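Please read the structure below before turning to the comments.
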Amino acid sequence: MTLADDAITWFDQNARDLPWRQPDTTAWGVLVSEVMLQQTPVVRVEPAWRSWMTRWPTPADLAADPPSEAIRMWGRLGYPRRAMRLHACAVAMVERHGGRVPSDLEQLLALPGVGTYTGRAVATFAYGQRHPVVDTNVRRVVSRAVEGKPDAGPSTTAADLVAMAELLPEEPARAARASIAFMELGALVCVARSPRCPECPFEDVCAWRRNGSPALEGPSRKPQRYAGTDRQVRGLLLEVLRHATGPVPRQRLDLVWNDDVQRARALAGLVEDGLVEPLDAEVFVLAGDAPRVPPQSL
DNA sequence: TACGCGTGGGC
DNA sequence: TGCCCAAGCGT
């Protein structure tokens, strides 16, 4: 039995029943779930995904609405640039692919917001192709079970893709199952802190365990601060704009943060990123929310 | 490669 | 409102 076999057997008995794993889920549904899951936990994604798919069942449905609606529907999932990119992605799919999610990996990777992980995940989970799909969970599982190290590097490398590719079964459908099984194992059992090794199908063969489960030596990664950062200020500004029904005067935005310099920088950043549009120097809206100027009638 | 980018929950 | 972590991406 290979690691992939053991992982699949475990997955068959322990997989969570997530809506985007239902067999009738469209490629668009898979793509939306993958983008929402970028850095956001499953429990928060689940209701958001259901609402999103009900409102926009196809890429063309989303592309027909302004980005502001996507940003609002995104709610508090975090990193709202993802909502912008998902909207831009829908527009690109309408323009380039007839409103369909492409199955070709190169075409997927060319879409806004679709990177190494997401492109491979869609090609694999929506279209059943055989690609290594490597996320933070897979990196940690492979790092421990195969390489005997307590944790993986901070981002996916070409070497990570090769390492995972070597573990995949030949048959594409089974390779896809192996990838989702490794991910689930990393999410539920081989977790970052306090892994549940007694529940792990790799317990007897795990190289990290055989090494005595050594702890990480140096400081793992830089702690990500939030309080007092531009990120926090951007979040506060955007929250006001999300809930606004009309144009928002600068005065109202001034209330969310008292450091003028930082607040101005954060707002400029939101404009720069295309999340916010200035109607003039003193009035702002979410991107795409600018009042439509009716055609001049004579 | 390293950094910036939201938000919330577990401990 | 401390620290760490969560199915990354774009620059």
Side-chain angles (χ1 to χ4, degrees), chain A residues 11 15-16 18-21 29-49 71 74-86 88-89 108-126 131-141 151-158 160-161 164 176 179-188 190-195 215-216 219-242 256 262 265-266 268-270 272-276:
Chain A
F11 181 79
R16 289 168 292 182
L18 301 174
W20 47 86
R21 288 181 180 168
V30 172
L31 173 56
V32 171
S33 77
E34 296 301 344
V35 174
M36 287 184 170
L37 286 163
Q38 293 168 5
Q39 303 286 279
T40 301
V42 165
V43 288
R44 276 197 282 151
V45 165
E46 203 169 332
W49 183 86
I71 296 166
W74 197 255
R76 305 187 66 80
L77 289 181
Y79 293 145
R81 291 193 295 188
R82 290 181 294 161
M84 282 284 300
R85 292 184 184 136
L86 191 49
C89 181
L108 282 164
L109 292 173
L111 295 168
V114 177
T116 303
Y117 165 75
T118 302
R120 290 162 177 280
V122 171
T124 298
F125 302 139
H131 300 285
V133 182
V134 177
D135 72 338
T136 185
N137 292 306
V138 172
R139 287 205 309 279
R140 187 172 53 248
V141 170
D151 216 335
S155 58
T156 298
T157 64
D160 294 329
L161 292 177
M164 188 59 203
S179 284
I180 195 67
F182 269 68
M183 289 173 60
E184 194 79 338
L185 208 43
L188 299 182
C190 193
V191 294
R193 284 180 296 185
S194 310
L216 215 51
S220 53
R221 61 190 99 167
K222 251 174 210 181
Q224 53 172 7
R225 306 219 167 276
Y226 180 64
T229 63
D230 287 4
R231 282 222 308 286
Q232 183 183 15
V233 183
R234 286 166 60 110
L236 294 169
L237 292 170
L238 218 45
E239 186 173 5
V240 172
L241 289 157
R242 269 205 304 269
V256 306
Q262 189 176 22
R265 187 172 64 231
L270 289 171
E272 174 78 17
D273 289 347
L275 287 157
V276 172

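Atom set for the values below is all heavy atoms of this structure, side chains included, hydrogens, waters and symmetry mates excluded. Given the structure is predicted, the values throughout are model-derived calculations rather than measurements. The chains referred to below are lettered A, B, ... by the order of the sequence lines, with proteins before strands, and numbering in each begins at 1.
Nucleotides B/dG6 and C/dT1 have their C1' atoms positioned 15 Å apart, rounded to a whole Å. The same atom, P, is picked in C/dA7 and in B/dG10; the two are 15 Å apart, to the nearest Å.
Comparing A/Gly78 and A/Thr157 along DNA chain B, the residue whose closest nucleotide (by nearest heavy atom) sits nearer the 5' end is A/Thr157. Both A/Ile180 and A/Val114 sit near DNA chain C, but only A/Ile180 has its closest nucleotide nearer the 5' end.
Atom CG of A/Asp273 is separated from atom P of B/dC5 by 8 Å (rounded to the nearest Å). If you measure from atom CZ of A/Arg231 to atom P of C/dT1, you get 19 Å, rounded to the nearest angstrom. If you measure from atom CE of A/Met84 to atom P of B/dC5, you get 16 Å, rounded to the nearest angstrom. The CZ-C1' distance, from A/Arg81 to C/dG8, rounds to 11 Å in whole Å. Following rounding to the nearest Å, A/Leu77 (CG) and B/dC5 (P) show an atom-to-atom distance of 19 Å. Protein atom CD of A/Gln232 is 11 Å distant from nucleotide atom P of C/dG2, rounded to whole Å. One interatomic measurement links the two molecules: CD of A/Glu46 to P of C/dA7, which rounds to 15 Å at whole-angstrom precision. Rounded to whole Å, atom C1' of C/dA7 lies 9 Å from atom CZ of A/Phe125.
Of all nucleotides listed (C/dC9, B/dG6, C/dA7), C/dC9 comes nearest to the side chain of A/Arg85. Of the candidate nucleotides C/dG8, B/dG6, B/dG9, B/dG6 has the atom lying nearest to any side-chain atom of A/Tyr226. Considering only the side chain of A/Arg242, B/dT7 comes nearest among C/dA7, B/dG6, B/dT7. Checking B/dC5, C/dA7, C/dC4 against every side-chain atom of A/Glu184, the shortest atom distance belongs to C/dA7. Each of B/dG9, B/dT7, C/dG8 was ranked by its minimum atom distance to the side chain of A/Arg76; first place goes to B/dT7.
At least one donor-acceptor pair closer than 3.5 Å links the side chain of A/Arg44 to the backbone N or O of A/Arg76. A distance-only check finds a donor-acceptor pair linking the side chain of A/Arg139 to the backbone of A/Pro154 [under 3.5 Å].
Using a 4.0 Å heavy-atom criterion, one finds that A/Arg225 contacts the sugar-phosphate atoms exclusively. Within the 4.0 angstrom heavy-atom criterion, base atoms lie near A/Trp20. Residue A/Arg193 is classed as a base contact, given a heavy-atom separation below 4.0 Å to a base. Among the heavy atoms of the strands, none lies under 4.0 Å from A/Arg120. In this structure, A/Thr116 reaches the sugar-phosphate backbone alone: every heavy-atom distance under 4.0 Å involves primed, P, OP1 or OP2 atoms, never a base. Nucleic acid contact for A/Leu86: none, since no nucleic acid atom lies under 4.0 Å from a heavy atom of the residue. At the heavy-atom level, A/Gly115 lies under 4.0 Å from the strands shown only through sugar-phosphate atoms.
Between the side chains of A/Thr40 and A/Arg82, at least one donor N or O sits under 3.5 Å from an acceptor N or O. Using a 3.5 Å distance cut-off with no hydrogens or angles, the side chains of A/Glu34 and A/Tyr117 do pair a donor with an acceptor.
In this structure the side chain of A/Gln39 reaches within 4.5 angstrom of the side chain of A/Tyr79, judged on heavy atoms. Side-chain contact between A/Met84 and A/Asp273: absent, with no pair of heavy atoms (C-beta onward) separated by less than 4.5 Å. Looking only at side-chain heavy atoms (C-beta outward), A/Leu37 and A/Thr118 stay at 4.5 Å or farther from each other.
Near-neighbour residues of DNA chain C inside residues 34-41 of chain A, defined by a heavy atom below 4.0 Å, number-ordered: A/Glu34, A/Leu37, A/Gln38, A/Gln39, A/Pro41.
Contact annotation: A/Arg44 does not reach the phosphate of C/dA6 (side-chain N/O to OP1 or OP2, under 4.0 Å). Between C/dC9 and A/Thr118, a contact under 4.0 Å exists linking OP1 or OP2 to a side-chain N or O.
Scored by the salt bridge (charged side-chain N to carboxylate O under 4.0 Å, His left out) test, A/Arg21 finds A/Glu184 as partners (sequence neighbours excluded). Under the salt bridge (charged side-chain N to carboxylate O under 4.0 Å, His left out) criterion, A/Asp160 pairs with no residue, sequence neighbours left out.
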